[in-house]
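Quick caveat: nothing in here was measured; it's all calculated off a predicted structure. Order of listing sets the numbers, starting from 1, for every ligand and every atom in it.
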Amino acid sequence: MSLIKVKNLKKEYKTGEVVTKVLHGLSFEIEKGEFISIMGPSGSGKSTLMHILGLLDKPTSGLYLFKGKDITKLSDSELALLRNKEIGFVFQAFNLLPRTTVLENVKLPLVYSQDKKNMDQRAQEVLEQVGLGHRLHYYTNQISGGEKQRVAIARALVNRPSVILADEPTGNLDSKSGIQIMQILQNLNDMGNTIILVTHETYTAEHAKRIIKIIDGRIIDDYPVRNRRFASQEEILK
Ligand code: ADP
């Protein structure tokens with residue numbers, strides 16, 4: 001069973017009388033352990049697709065099975081429960097809480113989960129995984145953009161989600177910090193995490209193992225990355 005299966009997925013937005021058709025019948029499957037980029041120019045429908053895959057929105061029509069479960073049949077509260085348990089989000093704008101420490105930000109998803117035991121220990125563990133073991137008690141306004149995104153990745157990981165959805169995670173970063181983020185995502189995938197990356201940049205997309213290319217709400221290509229880029233330490237030090 002695929003982790004994610006979509007078939008003939010369509011999405012349209014209605015604003016008054018005006019209907020905007022954004023996704024025109026997408027079909028693909030994503031297996032556990034994949035690292036996949038959804039790539040396309042601005043306005044192609046990437047964010048719309050990501051919102052649907054991340055259970056933040058529902059398709060207008062078509063099939064979406066998450067771990068075999070038909071998500072179109074779920075109520076909003078069932079969807080929210082599933083989302084909190086199964087999906088870790090990383091956004092371009094970091095979306096961290098201000099006036100709050102790094103550790104508190106990462107602990108936050110655990111407060112809503114059933115796994116409340118050893119919250120500090122688990123949060124510290126994922127922060128160490130992204131190289132921030134020395135920043136636990138810093139406030140989020142005291143760390144760099146690259147470090148903020150690493151906190152966001154740790155927060156996405158802390159609940160052990162089935163998939164990490166990263167929407168333009170390097171979009172607000174200088175190139176060196178961006179490379180570090182891609183290296184962390186590659187390491188997490190090597191450790192078995194499933195990652196879906198949304199980007200408009202070929203360079204960034206090619207760090208994944210597979211690319212789905214979208215233009216005007218249609219898949220125009222879906223292929224394994226032959227010359228995969230690896231974010232190396234040398235590149236970071238350049
Ligand atoms: P991308 O992430 O690739 O830039 P989006 O998914 O944000 O693309 O947008 C795709 C298209 O859908 C755009 O033309 C955009 O204007 C339209 N769109 C997105 N969200 C809405 C909405 N809530 N209402 C109406 N149109 C929308």
Candidate with minimal heavy-atom separation from atom 13 (C) of ligand 1, of G217, S42, G43, G40: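 It is G43 that holds the nearest heavy atom.
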Sub-4.5 Å side-chain heavy-atom contact between M182 and T204: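 Yes, at least one pair of side-chain atoms sits under 4.5 Å.
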Atom CG of D174 with >12 non-hydrogen neighbours under 6.0 angstrom: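 Check passes, neighbour count above 12.
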Protein contact of [atom] - nearest heavy atom, named by residue and atom, plus distance:
{"atom": "atom 9 (O) of ligand 1", "value": "T48 OG1, 4.0 Å"}
{"atom": "atom 8 (O) of ligand 1", "value": "G45 N, 3.1 Å"}
{"atom": "atom 19 (C) of ligand 1", "value": "Y13 CE1, 3.5 Å"}

Passing candidate, side-chain hydrogen bond (donor to acceptor under 3.5 Å, both in side chains) with Y13, options T20, T48, T60: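 The option that passes is T48.
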Test of proximity, T15 against ligand 1: N or O pairs below 3.5 Å: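 No.
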Check: T20 N/O within less than 3.5 Å of ligand 1 N/O: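 Among all N and O atoms of T20, none is under 3.5 Å from an N or O of ligand 1.
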Ligand 1-proximal atoms of V22, by part, heavy-atom distance under 4.0 Å: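 Side chain only.
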Side-chain donor-acceptor contact under 3.5 Å, Q124 with E128: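 Present: a donor and an acceptor within the cut-off.
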Between K209 and N189, a side-chain donor and acceptor under 3.5 Å: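 Present: a donor and an acceptor within the cut-off.
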Within-cutoff protein neighbour (heavy atom, under 4.0 Å) for atom 15 (C) of ligand 1: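 It does not; no protein heavy atom is within 4.0 Å.
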Mark up the atoms of ligand 1 that fall under 4.0 Å of a heavy atom belonging to [X], in ascending order.
{"X": "K46", "answer": "1 (P), 2 (O), 3 (O), 4 (O), 6 (O), 8 (O)"}
{"X": "P41", "answer": "3 (O)"}
{"X": "S47", "answer": "1 (P), 2 (O), 6 (O), 7 (O)"}

Ring geometry between F66 and Y64 (parallel below 30°, tilted from 30 to 60°, perpendicular above 60°):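 It falls in the perpendicular class, over 60°.
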Spatial distance of atom CG (D57) from atom CG (L79) [nearest 0.5 Å]: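 Separation between the atoms: 9.0 Å.
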From E31, E34, E29, residue fulfilling salt bridge (charged side-chain N to carboxylate O under 4.0 Å, His left out) relative to R210: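 One option only clears the test, and that one is E34.
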